[in-house]
J.: 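The structure under discussion is supplied below as structure tokens; questions concerning it will follow.
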Amino acid sequence: MINSADEIILHNYPQSPVAEKARVAFGIKGVAWRDVEIPRIVPKPFLTQLTGGYRRTPVVQIGADIYCDSQCIIYELERRIPSPTFYPSKDAGLAWALSRWTDGEFFSQAVQIVLGSNIEELPADFAQDRGRLYMGPNWAEELKQASAKLPHLVSQIRTPFYHLNEQLSDGRNFLFGDKPAAIDAQIYHIVWFLRGRCAQGPILLSEFPALERWEENVRQLGHGTSSPMSPQDAITRASECEPIALPVTGSSDAQDPQGLKPSMQIAIAPDVDGGEQPVKGTLVTSNQKTITLHRHDEEAGNLHIHFPRAGYKVSVL
């Protein structure tokens, strides 16, 4: 039986493509997890109570440790559950470097296609929330432009699909061979998003039969085993635990470009202007991959909030 302090809790909602990435990662690992459904748009009071203001999806909670962004989630799953590995080949470094593209420009293209192709049907509050989050302060104009330039956007995303189809045309089951890897989840969620949320998505994908075969292989991996949990129970779980002890050795990165040191007061936010509230707290540890801060919530207690370093900006307060 899993100790409650080790229970994996996913804060997500069913339609989230990035949450689907995490759910597929759970399927690769074959893990049991608790499913906390959060609102699709702000406010998200229970989530932000745990994170200190971070509102993006998904977030994984394990006891009093909160892992923001799918990068951090995959890092931590591999650390805690090394087998089956997310890296069955010798390409882990290449996969992580590639993931900056899948999480960045590749995903951004898919978002623009989905939002631009559904501009007439988008509820006003959802359009404003996602437009501001992904397209910046001039989101309304950017959304109009995305709708107007859909043929161009589709032409741009067809190129990586063409190359992925070539990669898979030798009959391999997954991108790096016969065993699934993190990169399969990191690319699958974009295909899943386009197929399910863009009317022309299935037509676009039908051009690439090897990619569609791979897509079905990833779908068959499932999502592990989930059971529901209420947001309030997740808060209670955090209050019953203390954050895991992090090693003192390596808590400070001597080569850190910003000169960050433990005990500094810092704020962390995504490095794109999505109009989001930064998370403030005390720096615990940082390195080239991740950064962790400590904060205290009156109800949830002591918390460690973990972020990836790539894609996030850190300010010293």
J.: Is there side-chain contact between I8 and I81, with heavy atoms separated by less than 4.5 Å?
T.: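 Yes, close enough: below the 4.5 Å cut-off.
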J.: Are the ring centres of H223 and F26 closer than 6.0 Å?
T.: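 So the answer is no for these two rings.
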J.: Can you sort out the partners of F307 under ring-ring contact (aromatic ring centres under 6.0 Å, His included), two or more places apart, ordered by chain and number?
T.: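 Partners of F307 by the ring-ring contact (aromatic ring centres under 6.0 Å, His included) criterion, ordered by chain and then number, come out as Y54, Y312.
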J.: Between T51 (side chain only) and G53 (backbone N and O only), is there a donor and an acceptor less than 3.5 Å apart?
T.: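 Yes, the answer is positive, given that a donor and an acceptor are paired below the 3.5 Å cut-off.
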J.: Output all residues satisfying side chain to side chain donor-acceptor pair (under 3.5 Å) with T225, sequence neighbours left out; order by chain, then residue number.
T.: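 So T225 forms no side chain to side chain donor-acceptor pair (under 3.5 Å) with any residue.
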J.: Determine whether E215 and R195 satisfy the following criterion, side chain to side chain contact (heavy atoms under 4.5 Å, CB included), listing intermediate values before the conclusion.
T.: CA-CA 10 Å; E215 178 190 4; R195 181 176 295 283; 2.6 Å; yes
J.: Is there a donor-acceptor pair closer than 3.5 Å between any side-chain N or O of T236 and the backbone N or O of Q232?
T.: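 Indeed, once roles are kept as given, a pair shorter than 3.5 Å links the two residues.
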J.: Do V18 and P58 have side chains that approach each other closer than 4.5 Å (heavy atoms only, starting at C-beta)?
T.: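 When only atoms from C-beta onward are counted, P58 and V18 do touch, with a gap below 4.5 Å.
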J.: Would you find a donor on one side and an acceptor on the other, under 3.5 Å apart, between the side chain of D65 and the backbone of I244?
T.: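 Checking the backbone N and O of I244 against the side chain of D65, a donor-acceptor pair under 3.5 Å is found.
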J.: Cut-off 3.5 Å, side chains only: do Q156 and E105 have a donor facing an acceptor?
T.: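 No, no side-chain donor-acceptor contact under 3.5 Å.
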J.: Tell me, with the steps shown, if I38 and V59 meet side chain to side chain contact (heavy atoms under 4.5 Å, CB included).
T.: CA-CA 10 Å; I38 62 176; V59 167; over 6 Å; no
J.: Are any of the side-chain heavy atoms of L168 and L211 separated by less than 4.5 Å?
T.: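 Result yes, sub-4.5 Å side-chain heavy-atom pair found.
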J.: Check for a donor-acceptor pair, side chain of E299 on one end and backbone N or O of I235 on the other, with a separation under 3.5 Å.
T.: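 Checking the backbone N and O of I235 against the side chain of E299, no donor-acceptor pair under 3.5 Å is found.
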J.: Examine W96 together with F86 and report whether their ring centres are nearer than 6.0 Å.
T.: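 They do not qualify: ring centres at least 6.0 Å apart.
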J.: If we ignore hydrogens and angles and just use 3.5 Å, is the side chain of R34 paired with the main-chain N or O of Q61 as donor and acceptor?
T.: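 No.
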J.: Going by heavy atoms in the side chains, are L122 and L115 under 4.5 Å from each other?
T.: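 Of all side-chain heavy-atom pairs linking L115 with L122, at least one is under 4.5 Å.
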J.: With sequence neighbours excluded, tell me which residues meet salt bridge (charged side-chain N to carboxylate O under 4.0 Å, His left out) with D178.
T.: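 Not a single residue meets the salt bridge (charged side-chain N to carboxylate O under 4.0 Å, His left out) criterion with D178.
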J.: I119, F193: one ILVMFWY side-chain cluster at the under-4.5 Å cut-off?
T.: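 Both belong to a single hydrophobic cluster.
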J.: Which class fits the ring pair Y188 and W214: parallel under 30°, tilted 30 to 60°, perpendicular over 60°?
T.: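 Y188 vs W214 ring planes: perpendicular.
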J.: Mind checking what makes side chain to side chain donor-acceptor pair (under 3.5 Å) contact with D91, not counting sequence neighbours?
T.: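 With sequence neighbours excluded, D91 shows a side chain to side chain donor-acceptor pair (under 3.5 Å) to S89, given in chain and number order.
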J.: Could I get the full list of salt bridge (charged side-chain N to carboxylate O under 4.0 Å, His left out) partners for E207, not counting sequence neighbours?
T.: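 By the salt bridge (charged side-chain N to carboxylate O under 4.0 Å, His left out) rule, E207 matches R158.
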J.: Using a 4.5 Å cut-off on heavy atoms from C-beta on, say whether the side chain of R40 contacts that of F126.
T.: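 Yes. Closest side-chain heavy atoms under 4.5 Å.
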J.: Could you check whether any side-chain heavy atom of V218 comes within less than 4.5 Å of a side-chain heavy atom of W192, counting everything from C-beta outward?
T.: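 They are not in contact (no side-chain heavy atoms under 4.5 Å apart), so the answer is no.
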J.: Could you tell me which residues satisfy side chain to side chain donor-acceptor pair (under 3.5 Å) with Q277, sequence neighbours excluded, listed by chain and number?
T.: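 Residues passing side chain to side chain donor-acceptor pair (under 3.5 Å) with Q277: none at all.
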J.: Does L94 share a hydrophobic cluster with I183, counting links as ILVMFWY side-chain heavy atoms below 4.5 Å and allowing steps through other members?
T.: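 L94 does not cluster with I183.
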J.: Are I157 and L175 connected in a single hydrophobic cluster, I mean Ile/Leu/Val/Met/Phe/Trp/Tyr linked by side-chain heavy atoms less than 4.5 Å apart?
T.: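 Yes; tracing contacts between hydrophobic side chains, which count when under 4.5 Å, links both residues.
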J.: Mind running side chain to side chain contact (heavy atoms under 4.5 Å, CB included) on F174 and N217 for me, showing each step along the way?
T.: CA-CA 8 Å; F174 301 101; N217 289 342; 3.9 Å; yes
J.: The criterion is salt bridge (charged side-chain N to carboxylate O under 4.0 Å, His left out); which residues satisfy it with E240, sequence neighbours excluded?
T.: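 Counting only residues at least two positions away or on another chain, E240 forms a salt bridge (charged side-chain N to carboxylate O under 4.0 Å, His left out) with R237.
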J.: Tell me every residue that passes salt bridge (charged side-chain N to carboxylate O under 4.0 Å, His left out) with D129, counting only those two or more places apart in sequence or in another chain.
T.: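 Per chain and number, D129 pairs via salt bridge (charged side-chain N to carboxylate O under 4.0 Å, His left out) with R55.
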J.: Using a 3.5 Å cut-off and no angle test, enumerate the donor-acceptor pairs between side-chain atoms of residues 131-153 and protein atoms at least two apart in sequence or in another chain.
T.:
{"from": "R132", "atom 1": "NH1", "to": "D273", "atom 2": "O", "distance (Å)": "2.7"}
{"from": "R132", "atom 1": "NH2", "to": "D273", "atom 2": "OD1", "distance (Å)": "3.1"}
{"from": "S147", "atom 1": "OG", "to": "G116", "atom 2": "O", "distance (Å)": "3.4"}

J.: Would you check, one step at a time, whether the test side chain to side chain contact (heavy atoms under 4.5 Å, CB included) holds for R197 with Q15?
T.: CA-CA 9 Å; R197 303 284 282 282; Q15 303 90 341; 3.7 Å; yes
J.: Within the side chain of N302, is there an N or O that forms a donor-acceptor pair under 3.5 Å with the backbone of P243?
T.: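 Here the side-chain-to-backbone pair does not exist.
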J.: Listed by chain and number, what are the side chain to side chain donor-acceptor pair (under 3.5 Å) partners of D256, not counting sequence neighbours?
T.: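 D256 satisfies side chain to side chain donor-acceptor pair (under 3.5 Å) with R309 once adjacent residues are dropped.
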J.: Quick one: does K29's side chain have a donor or acceptor within less than 3.5 Å of a partner on P84's backbone?
T.: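 Side chain of K29 to backbone of P84, a donor-acceptor pair under 3.5 Å: yes, one is there.
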J.: Hey, does I291 have a side-chain heavy atom less than 4.5 Å from the side chain of I266?
T.: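 They are in side-chain contact.
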J.: With distance as the sole test, does Q71 use its side chain to make a donor-acceptor pair with the main-chain N or O of A310 at under 3.5 Å?
T.: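 Judged by distance alone, yes, a pair lies under 3.5 Å.
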J.: Not counting sequence neighbours, which residues clear ring-ring contact (aromatic ring centres under 6.0 Å, His included) with H189? List them please.
T.: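 Partners of H189 by the ring-ring contact (aromatic ring centres under 6.0 Å, His included) criterion, ordered by chain and then number, come out as F107.
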J.: Strictly distance-based, threshold 3.5 Å: is any side-chain N or O of N165 a donor or acceptor partner for the main-chain N or O of A210?
T.: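 Side chain of N165 to backbone of A210, a donor-acceptor pair under 3.5 Å: yes, one is there.
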J.: Quick one: pull up CG in D184 and CG in N173 and give me the separation to the nearest 0.5 Å.
T.: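 Between atom CG of D184 and atom CG of N173 there are 10.0 Å.
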J.: Is the CD atom of E121 crowded by more than 12 outside heavy atoms at less than 6.0 Å?
T.: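 It does: E121 CD has more than 12 such atoms within range.
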J.: If you measure from the Lys or Arg side-chain nitrogens to the Asp or Glu carboxylate oxygens, is any gap between D103 and K21 under 4.0 Å?
T.: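 Salt bridge between D103 and K21, a charged N being under 4.0 Å from a carboxylate O: yes.
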J.: Do the non-hydrogen side-chain atoms of Q200 and S117 ever get within less than 4.5 Å of each other?
T.: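 When only atoms from C-beta onward are counted, S117 and Q200 do not touch, as no gap falls below 4.5 Å.
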J.: Applying ring-ring contact (aromatic ring centres under 6.0 Å, His included), can you list everything that pairs with F176, at least two apart in sequence or on another chain?
T.: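 ring-ring contact (aromatic ring centres under 6.0 Å, His included) check on F176 returns nothing, list empty.
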J.: Does one hydrophobic cluster hold both Y67 and V31, with members joined at side-chain heavy-atom distances below 4.5 Å?
T.: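 Yes, one cluster joins them.
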